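Here's the structure we're looking at; comments come further down.
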There are 2 protein chains.
Amino acid sequence: MKGKIFIIEDEASIIQLVQLNLEKEGFIVASSLNGNEGLKGLKKFEPNLLLLDWMLPDLSGIDVCKNIRKDNNFKNLPIIMLTAKGEEEDKIKGLESGVDDYITKPFSFNELSARIKAVLRRSDPNIVANDLIFEDLKLDRIEKRVFRDEKEIQLGPTEFRLLEFFLTNPKRVYSRDQILETVWPNNVNVESRTIDVHIRRLRQSINIKDKKELIRTVRSSGYSLV
Amino acid sequence: MKGKIFIIEDEASIIQLVQLNLEKEGFIVASSLNGNEGLKGLKKFEPNLLLLDWMLPDLSGIDVCKNIRKDNNFKNLPIIMLTAKGEEEDKIKGLESGVDDYITKPFSFNELSARIKAVLRRSDPNIVANDLIFEDLKLDRIEKRVFRDEKEIQLGPTEFRLLEFFLTNPKRVYSRDQILETVWPNNVNVESRTIDVHIRRLRQSINIKDKKELIRTVRSSGYSLV
DNA sequence: TTCTTTTGTTACAGAAATATTACAATTTAA
DNA sequence: TTAAATTGTAATATTTCTGTAACAAAAGAA
């Protein structure tokens, strides 16, 4: 994690908090308290991503954004907008003006961090850790590939997400409900038994003969990666 | 134990009592005496869990709950509802509105504490202590594993719960009825002698040769871990 | 000792949880 | 549009777990 992140935000306390945490994760951070200064600082700093407040004392976030998009050097700079409003209308306006993602204040740092990584993953994959590795199993989030013991394995979309989920917390046992909540799109109703079937399919795919079983069944509790 | 807990409850005495005890356990606690203020306070405080009274002077607990679930930042905030009513109907309503657990007033602090930890264990496992250790015995609640003297031991679900129960209060003697109440799912009727059989199974599993017996029989009283 | 009460042990049938399979419906790719 | 891949479910098979009853053993009481 060696990317550079620029913050334009007028509340110094937010900058401080975010900067501290991002630096802890290995990002290099610079910031500015208003739009005009921000635009200048940006050009010097050449960040990989910009966190941009919606409401600024001089220019609005959208103005800053439009300004940036005009500049050939920053046409593709990923921008995450910070906004206190939750209105749908604003979100649409923001996306039209070329914002990559949104986050509504107050936000937890975990959420911010997740969004930053998701955006960077698309724009600048090298900056972010994209491989999930567990023993001889490797999952590449960028190329959407899975390897066991160097050999590539074909997985369907659901099995891929399922494995990705297990890999974010290997060894931990998850109940069927937890799996359902996280791996399946929201508000989708599927039988919890359906998971058994997907577990089976995943097992069939990732298990190699002479290699140990990777998915543990914990009766009455769920499954885990081991 | 470093999590943050927010309480919305109109009886100041309850808040005081709960807050005192939770802080003793290392939680950071904030509170509010009514629903509207609570919703605001909540957003500033960013708790890991909310204790929510069912009856509030302004909004009902359910309203507060629904309100919270609408907010993207708090959609997944674990909520434990405090209620004086015991009616089944209410429980169902509450669960539909997205509550994670229930507790009926009056409650003992021990019960509350246990439920809080159980809920946190699911949502935010890092906050809660997850390993139960007694001498050379270790039970890992996250991975659902048990070790004696570093060596793993296979246990069935009931034996696991039974051991987990003993480990939360080693040395203390429990009657068969107490064990039944806590270890078995509610409203299940099993012979109290059945426990003897499970004790035997547990003993067989966790006893290693040359190592001392871990479960003590207290004639006419029950069993304990020693 | 002898009787009474409590606990230990064993075996087993039924229950519960999981695994596996097949299939129809849907989505995606060709 | 057709063919192939993917998904969810239901039905069935298999495995593992549970509770109970029956008898044995142990501990107290008389």
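Keep in mind the model is a prediction, meaning the values are calculated, not measured.
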message: Take a 6.0 Å sphere around CD of B/E213 and say whether it holds more than 12 heavy atoms from other residues, nucleotides or ligands.
response: yes
- request: Between D/dT6, C/dT9, D/dG8, spot the one nearest the side chain of B/R193, thanks.
  value: C/dT9
- line: A/L202 CG to D/dG8 P, in whole Å, measures 14 Å
task: Take atom CD of A/E191 and atom P of D/dA11, then tell me their distance rounded to the nearest Å.
output: 11 Å
Option among A/R203, A/Q178, A/R176 that satisfies the side chain to side chain donor-acceptor pair (under 3.5 Å) test with A/Y223: A/R176
message: What is the separation between atom CD1 on A/I215 and atom P on C/dT20, rounded to the nearest whole Å?
response: 12 Å
- prompt: Which one, C/dT18, D/dA10, D/dT7, comes nearest to the side chain of A/V197?
  reply: D/dA10
message: In terms of relative ring orientation, are B/W54 and B/Y102 parallel, tilted or perpendicular, with 30° and 60° separating the classes?
response: tilted
- request: Kindly say if A/W184 contacts the phosphate of D/dG8, meaning a side-chain N or O under 4.0 Å from OP1 or OP2.
  value: yes
query: Has B/K4 got its NZ or CZ under 6.0 Å from the middle of the six-membered ring of B/F45, at an angle within 45 degrees of the ring axis?
result: yes
- request: Measure from NE2 on B/H198 to P on D/dG19 and round the result to the nearest Å.
  value: 4 Å
task: Would you tell me if any nitrogen or oxygen in the side chain of A/R200 comes within less than 4.0 Å of OP1 or OP2 on C/dT20?
output: yes
task: Identify which nucleotide among D/dA21, C/dC23, D/dA27 has an atom closest to any side-chain atom of A/R201, counting heavy atoms from C-beta outward.
output: C/dC23
- request: Assess the side chains of B/E143 and A/S224: does a donor N or O sit below 3.5 Å from an acceptor N or O?
  value: no
query: Atom CD1 of B/I199 and atom P of D/dG19: how far apart are they, to the nearest Å?
result: 13 Å
task: Give the rounded distance in Å between these two atoms: CD of B/E213 and C1' of C/dT7.
output: 13 Å
message: Can you measure A/N207 atom CG to C/dT20 atom P for me and round it to whole angstrom units?
response: 10 Å
query: Can a side chain N or O of B/Y223 be found less than 4.0 Å away from OP1 or OP2 on C/dG8?
result: yes
message: Counting the atoms with a prime plus P, OP1 and OP2 as sugar-phosphate, which does A/Q154 contact under 4.0 Å by heavy atoms, base, sugar-phosphate, or nothing?
response: nothing
- line: Taking C/dG8, D/dT18, D/dG19 as options, the one with an atom nearest any side-chain atom of B/T158 is D/dT18
task: Tell me whether the OP1 or OP2 atom of C/dA16 has a side-chain N or O from A/R219 closer than 4.0 Å.
output: no
- request: Quickly work out the B/L155 CG to D/dT18 P distance and round it to whole Å.
  value: 10 Å
message: Check the phosphate of C/dT18 against A/R176, side-chain N and O only, distance under 4.0 Å to OP1 or OP2. Yes or no?
response: yes
- request: Kindly say if A/T194 contacts the phosphate of D/dT7, meaning a side-chain N or O under 4.0 Å from OP1 or OP2.
  value: no
